[in-house]
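Comments concern the structure below.
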Amino acid sequence: MKVKTQRFKFAPLLILISGLCASCTVSDYFNSDTNVDRKESINVEQANQQIAEAKAAEQKRIELEKQQQAELKLTELMKNQPVQFNSTLAKIYAMREFAPIWQDEDAKKKFLHEYAALVASGISRNMATSLDAISSTPVENIQHDILLTDAFLGYMYYTNNVSSSAQSWLYSQNNYKADKPSDELIVNWLTAVENNENLAFVNKLSSSNKLYQETLQRISSDLATDKKQSSAELYKLALNAQRLRIIPSFENGLFVNIPSYQLNYYRDGKLVLNSRVIVGKEARKTPVMYSKLSNVVVNPPWNVPNTILVKDIVPKLARDPSYAERSSLEIFDSRGNKINAHSVNWSQYVNSKSVPFRIRQKAGDDSALGRFKFNMPSSDAIYLHDTPNHSLFNKTSRALSSGCVRVAKSDDLASILLKEAGWSMDKKQTVLASKKTTSVQIQSNNPVYLYYVTTWVENGKVQTLPDIYGYDRLNAAPSYINWNTIRKYL
């Protein structure tokens, strides 16, 4: 009687084998001379994959168990003291067997100085709570060290993202939300700690802007000498200091402080051009942003943005379609065909959110963009440009545009940039006279900073500007700022 061969699955056996000899493969246990039923022959590649998967699953289980143990120990150490980044802290301190990180007193002092300045700006209640907890915990306790690291993780996230999130975090009420910094940044910091370079790492997270540093020094001085200055004034300085920290020192680029109505163009630390500007009105604010000039357009046409089209142009055309011809406006339907303004019943689009037409103003001296447009990448379609109405630059309050920045000395700015591109002044005048639209790539590196700072300290004196958009009024001094704690570190 023929004995029936017993069939079985290999996976459990393979796991057992992998546990006995992690460095071996299935092929080590079976060779070509092994008397194995062909129907039961092993797919070695598949078997090895199963072993690898089993090992990976086991490793994951071990790591998860270690992480759970580390988090449990962290919770026991901190007792009822809350932290923001529990799992990350557990992982960091478990790797160090819960040895302290902040052994470099200079690094610790520098961090707490910057952190106190940030807390004074009031953008985060959690940061204020964190600083108070650090202050009230004995420095010799590991809990103090853990609280420092918890605060520092949030600080790294802030410094790494504030430039791109400035409009939301520094100009709106309570919009800042803390998050964990990237794993790469955490690793870089811990490597610096191991190499006794913590102070250098902390210093890199600060700002080189001289006005930022001067403003912090004034706040610190006022707190140290108990100068009779209201918390509202200190808070306003601290908030504007954070707005300054994202602006590099004024060495190279175009800088527009929106409430100053001024553009300053620096090259190698020297001011090469100062010009009055017109910025967005209250209803259409010029955004805070960083970009770079990409090209100069000579004789630019103006593609009317939808907001201006529905709010400004359509009502005028509804009253008088001949406004289009007088203003050199070209109207196109959805297929790109040019149409006559008199052929449209514009009244039906008044108060409408969208219009099925595209309108462009032809290039010329009367164009809304004037004779020059300075393009830069912007999600808000913001750029610098000339204007035909230069008399507006004589006004004291110049928040008059629909968001873009009009430059009084646009001709001078264009001359500098076109000369770098190889244009002579004769060529510039010839192209201008031709009314032909011509785009020229920018040859030099020209970053553009549109920012909003209303009070700061410069050369020992407090400077102030009108809060034209009400950003300072929006952010009243929060009650959770503990100035006694800030005085301790700032």
Of all heavy-atom pairs between [X] and [Y], which one has the smallest distance, and what is that distance?
X: Gln213; Y: Ser207; answer: NE2-O, 2.7 Å
X: Tyr471; Y: Asp467; answer: N-OD1, 3.0 Å
X: Lys180; Y: Tyr157; answer: O-CD1, 3.7 Å
X: Cys404; Y: Ala381; answer: SG-O, 3.7 Å
X: Tyr235; Y: Ser121; answer: CE1-O, 2.9 Å
X: Asn209; Y: Ser249; answer: CA-OG, 3.7 Å

Distance-only side-chain donor-acceptor flag, [X] / [Y], under 3.5 Å:
X: Tyr158; Y: Gln242; value: yes
X: Thr137; Y: Gln143; value: no
X: Asn274; Y: Gln262; value: yes
X: Thr454; Y: Asn240; value: yes
X: Gln49; Y: Glu53; value: yes
X: Tyr452; Y: Gln167; value: no
X: Tyr265; Y: Asn446; value: yes
X: Ser391; Y: Asn389; value: yes
X: Gln67; Y: Glu71; value: yes
X: Asp132; Y: Thr485; value: yes

Point to revise | Pair Tyr93-Ile142, side-chain contact (heavy atoms from CB on, under 4.5 Å): steps then yes or no | key: CA-CA 10 Å; Tyr93 279 92; Ile142 187 62; 4.2 Å; yes

Compare all side-chain heavy atoms of [X] with those of [Y] and state whether any distance is below 4.5 angstrom.
X: Lys292; Y: Asn445; answer: yes
X: Ser410; Y: Arg371; answer: no
X: Glu194; Y: Thr191; answer: no
X: Asn252; Y: Arg267; answer: yes
X: Val279; Y: Ile468; answer: yes
X: Val453; Y: Gln463; answer: no
X: Ile146; Y: Asn141; answer: no
X: Val405; Y: Leu263; answer: no

Please determine whether a side-chain nitrogen of the Lys or Arg among [X] and [Y] lies less than 4.0 Å from a carboxylate oxygen of the Asp or Glu.
X: Lys285; Y: Glu282; result: yes
X: Lys110; Y: Asp104; result: no
X: Arg218; Y: Glu233; result: no

Exercise for review: Could you pull out all residues at least two apart from Phe111 that satisfy ring pair (Phe, Tyr, Trp, His ring centres under 6.0 Å)?
Suggested key: Trp102, Tyr115, Phe152, Tyr155

Review point. side-chain contact (heavy atoms from CB on, under 4.5 Å) between Ser439 and Val297: does it pass, once the steps are laid out?
Key: CA-CA 4 Å; Ser439 178; Val297 181; 4.2 Å; yes

Kindly compute the distance separating [atom1] ([X]) from [atom2] ([Y]), expressed to the nearest 0.5 Å.
X: Tyr171; Y: Ile258; atom1: OH; atom2: CD1; answer: 7.0 Å
X: Ser275; Y: Asp412; atom1: OG; atom2: CG; answer: 8.0 Å
X: Thr149; Y: His144; atom1: OG1; atom2: NE2; answer: 10.0 Å
X: Leu369; Y: Leu384; atom1: CG; atom2: CG; answer: 11.5 Å
X: Asp150; Y: Ile92; atom1: CG; atom2: CD1; answer: 9.5 Å
X: Leu153; Y: Ile186; atom1: CG; atom2: CD1; answer: 5.5 Å

Review point. How about Tyr451 and Tyr449: are their ring centroids closer than 6.0 Å?
Key: no

Exercise for review: Would you indicate whether Lys281, at its atom NZ, is surrounded by more than 12 heavy atoms from other residues, nucleotides or ligands within a distance under 6.0 Å?
Suggested key: yes

**Study point:** Heavy atoms from other residues, nucleotides or ligands near CD of Glu184 exceed 12 (cutoff 6.0 Å)
**Key:** no

Check your understanding: Could you go step by step and tell me if Asn86 and Met78 meet the side-chain contact (heavy atoms from CB on, under 4.5 Å) rule?
Key -> CA-CA 10 Å; Asn86 185 71; Met78 300 308 294; over 6 Å; no

